[in-house]
Q: 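Sharing a structure here in structure tokens format.
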Protein chains: 2
Amino acid sequence: MNFQQLRSVREAVRCGFNLTEVAAMLYTSQPGVSRQIRELEDELGITIFARAGKRLTGLTEPGRVLVPIVERLLQEAENLRVAGREFVDRAEGTLSIAATHSQARYALPHAVRDFRQHYPQVTLNLHQGSPKQVAEMLLGGEADIGIATEALAGYPQLVTLPCYRWTHSIVVPHDHPLLHGGPPSLERLAAFPIITYDRGYTGRSHIDDAFARAGLRPDVVITAMDADVIKTYVELGMGVGIVASIAVDPERDRPLQAIDARHLFEINVTRLAVRRGSLLRGYAFAFIEHFAPSLTRAVVEDALALAIGAEATTEAVTSA
Amino acid sequence: MNFQQLRSVREAVRCGFNLTEVAAMLYTSQPGVSRQIRELEDELGITIFARAGKRLTGLTEPGRVLVPIVERLLQEAENLRVAGREFVDRAEGTLSIAATHSQARYALPHAVRDFRQHYPQVTLNLHQGSPKQVAEMLLGGEADIGIATEALAGYPQLVTLPCYRWTHSIVVPHDHPLLHGGPPSLERLAAFPIITYDRGYTGRSHIDDAFARAGLRPDVVITAMDADVIKTYVELGMGVGIVASIAVDPERDRPLQAIDARHLFEINVTRLAVRRGSLLRGYAFAFIEHFAPSLTRAVVEDALALAIGAEATTEAVTSA
DNA sequence: TATCCTTACGGAATTCGTAAGCATG
DNA sequence: CATGCTTACGAATTCCGTAAGGATA
């Protein structure tokens, strides 16, 4: 058993069982990968991959059990390297953060600025993507920390922690009817064409939920992945915008006016996620604490140590 | 990074930093081991072992962090092999059980007999030792399951589960004064020379505690590791025995009479332990359930999944 | 027929053990 | 001076990539 065999197996799963692709990912030859996998199967005495003729098609029953162990093993190997680097220089290295546009644009800048002052030697890598992509970057080991409001739950391999709460605002051009007559109701709002986030982005689900519960079918005319695009179309008079309150700045967005909408839509919680079982650099904890002061190193480490579905043990004892 | 390097590091810690001994354990040459360790240190960029001149003396600060990761990694590698074997043949393999004399002699035989009937192809390995040795056999990977009444707590790397409760009995020759006058008190008992278990064995601590709480200093004239020895000396009239109730059989121990002592000493709980993070064969779960029916596979797996000191996470969230 | 995995083979790199060297208690 | 780690070197093994072969959509 060696690491190259294990890497080949992990990568084969990730690449959809295409060994040619695996070889490219691991910078080696395709026959090499084929051999690595077969040798591991021989050593363990089982077949990990289901084959249709010569082609790999999926995992066998044993494979489904083994692959998670392989993943954990390689994760620990990575942890070893990370731990080494931590002792070489606590203040030098790389930190990869995956975040949605909203977070990268409005929530992260302060934390990033503070972090860079404290750790000028750390290369900060900011990846942007949909919540799903954020989760996958974490799972693939491309990102150390993920930040998003939606879709981070439902990955048992990720540990998620609440960072902060926020609400939506309605943005409209000056002299819009909604500015008069007090806080608007969902009914009044639904009378206008709506411009808001794509499904799966920045609290969109809470917006849909609110309208659905009220029995309303709003006319969503434009959707976008970020508030900047939404605001642009609102300025053009295409409709009424619904964005995260944090995304509205009275100074910058002078052509627009914001109406607080926290009475209409459920409160959103932005969450931070890390891969379960991963070892974080010291400065990663520092970044997290800059971003969400309640998430101290101790809190994050506790959450990382917690096992999947951990519950109280039964201390049932039979009498002899 | 390769497995031989990691094995060398783990074994070096276990062998008290004597690389010559490590080489013997790993069936290789001493310069080889030396090189493995040096190469891993070079690759990680840190020194794992503290050196006095050319001699290894202990772990460095980084070493103390890295070694537990190495142990987990090698544990996962072992899990991989175990998982493989499980799929090769569910009913064939080896099961190593470490137990104290009391358990091996009185509690285990029924479970062992039942187990052998169900799994005739499994080689059963029964190691005997002190509770401390039981714990160390688990930690060293020599035993899969450990069973003892004392000293299994206090090893964070072990998961312990309660199996059954039991109490002590007093054993005396026929016509002994303690047989008359109702259930004896601690005071009356302390008036006789006592023969019981060694410190650290089979509920001895509860015996000492009871006397100490009553302000009594019993005259313990003989101690032994097992009830058979104790009973032998009681038969010889050397004193009054205190043994686990389970160890007394009216038929076999005809020269003796037993007096229930559950009113005098605290109830004992025999515990089963497995190494945290280890993967057990299916038949290991079966054995555990034969031994302690309350410990179903689900219960044991839940306990294994629980992390060290797992507690509820704080869901404290700051407001944006 | 193009894609994808396996088998075969030869060269290169790695690995490992023996022997010698050196420091320490 | 015995124990224990390191260095040096040569042989054996292992590893890996190229080239050819065969199966499948």
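Letters go in sequence order (proteins before strands), and every chain restarts at 1. Everything numeric here is computed off the predicted structure, so don't read it as measured data.
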Q: Whole angstrom is fine here: how far is it from CG in L56(A) over to C1' in dA25(D)?
A: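 After rounding, the reported distance stands at 15 Å.
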Q: Under 4.0 Å between a side-chain nitrogen and a carboxylate oxygen: does that hold for E41(A) and R51(A)?
A: yes
Q: Which residue pairs pass the salt bridge (Lys or Arg N to Asp or Glu O under 4.0 Å) test when at least one of the two sits in residues 79-88 of chain A, sequence neighbours left out?
A: E78(A)-R81(A), E78(A)-R85(A), E86(A)-R90(A), E86(A)-R281(A)
Q: Are OP1 or OP2 of dT14(C) and a side-chain N or O of N2(B) less than 4.0 angstrom apart?
A: no
Q: In this structure, are over 12 heavy atoms from other groups packed under 6.0 Å from M1(B) atom CE?
A: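 Yes, the 6.0 Å shell around CE holds more than 12 heavy atoms from other groups.
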Q: Starting at atom CG of D42(B), determine the distance to atom C1' of dT7(D), rounded to an integer number of angstrom.
A: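 So the two atoms are 14 Å apart, to the nearest Å.
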Q: Of L272(B), V112(B), L280(B), D144(B), which is the lone residue that meets side-chain contact (heavy atoms from CB on, under 4.5 Å) with F287(B)?
A: V112(B)
Q: Provide, to the nearest angstrom, the distance between the CZ atom belonging to F3(B) and the P atom belonging to dT15(C).
A: 14 Å
Q: Taking atom CD1 of I37(B) and atom CZ of F49(B), what is their separation to the nearest 0.5 Å?
A: 4.5 Å
Q: Heavy atoms under 4.0 Å, any strand shown: does F17(B) hit a base, just sugar-phosphate, or nothing?
A: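 Counting heavy atoms under 4.0 Å across all strands, the contact made by F17(B) is with sugar-phosphate only.
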Q: Going by heavy atoms closer than 4.0 Å, what residues in residues 6-15 of chain A are next to DNA chain C?
A: none
Q: What is the separation between atom NZ on K54(B) and atom P on dA23(C), rounded to the nearest whole Å?
A: 6 Å
Q: How long is the line joining CE of M1(A) and C1' of dT14(D), in whole Å?
A: 18 Å
Q: Using the closest heavy atom to pick a nucleotide of DNA chain C for each, name whichever of R51(A) or R35(A) lands nearer the 5' end.
A: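 Result of the comparison: R51(A).
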Q: Does dC5(D) have its OP1 or OP2 closer than 4.0 Å to a side-chain nitrogen or oxygen of T20(B)?
A: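 So the side chain of T20(B) is within the cut-off, an N or O lying under 4.0 Å from OP1 or OP2 of dC5(D).
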Q: Taking 4.0 Å as the cut-off, does a side-chain nitrogen or oxygen of T28(B) come that near to OP1 or OP2 on dC16(C)?
A: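 Negative; the distance criterion is not met.
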Q: Which is more 5' along DNA chain D, the nucleotide nearest G53(A) or the one nearest N18(B)? Just name the residue.
A: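 Nearest nucleotide further toward 5': that of N18(B).
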Q: Taking the nucleotide of DNA chain D with the nearest heavy atom to each, does P31(A) or R38(B) sit closer to the 5' end?
A: R38(B)
Q: Is the closest side-chain donor-acceptor distance between Q4(B) and R7(B) under 3.5 Å?
A: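 R7(B) and Q4(B) do have a side-chain donor-acceptor pair below 3.5 Å.
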Q: F49(B) CZ to dG4(D) P: how many Å, rounded?
A: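 It works out to 16 Å between those atoms.
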Q: If you compare every side-chain N and O of Q36(B) against the phosphate oxygens of dT15(C) (OP1, OP2), does one of them come in below 4.0 Å?
A: no
Q: Please state how far atom CD in Q4(A) lies from atom P in dT14(C), giving the value in whole angstrom units.
A: 14 Å
Q: By the 4.0 Å heavy-atom rule, please label Q30(A) as base, sugar-phosphate, or nothing.
A: base
Q: Is there a side-chain contact between T57(B) and F17(B), using heavy atoms and a 4.5 Å cut-off?
A: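 Result no, sub-4.5 Å side-chain heavy-atom pair not found.
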Q: Hey, does the side chain of R204(B) reach the backbone of Y197(B) with a donor-acceptor pair shorter than 3.5 angstrom?
A: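 Indeed, once roles are kept as given, a pair shorter than 3.5 Å links the two residues.
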Q: Quick one: which of dA23(D), dG17(C), dC16(D) gets closest to the side chain of R55(A)?
A: dA23(D)
Q: How many whole angstroms separate atom CG of L19(B) from atom P of dA23(C)?
A: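 Atom-to-atom, L19(B) to dA23(C), this comes out as 18 Å.
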Q: Please pick, from dC22(C), dT18(D), dT18(C), the nucleotide with the shortest atom-to-atom distance to any side-chain atom of S29(A).
A: dT18(D)
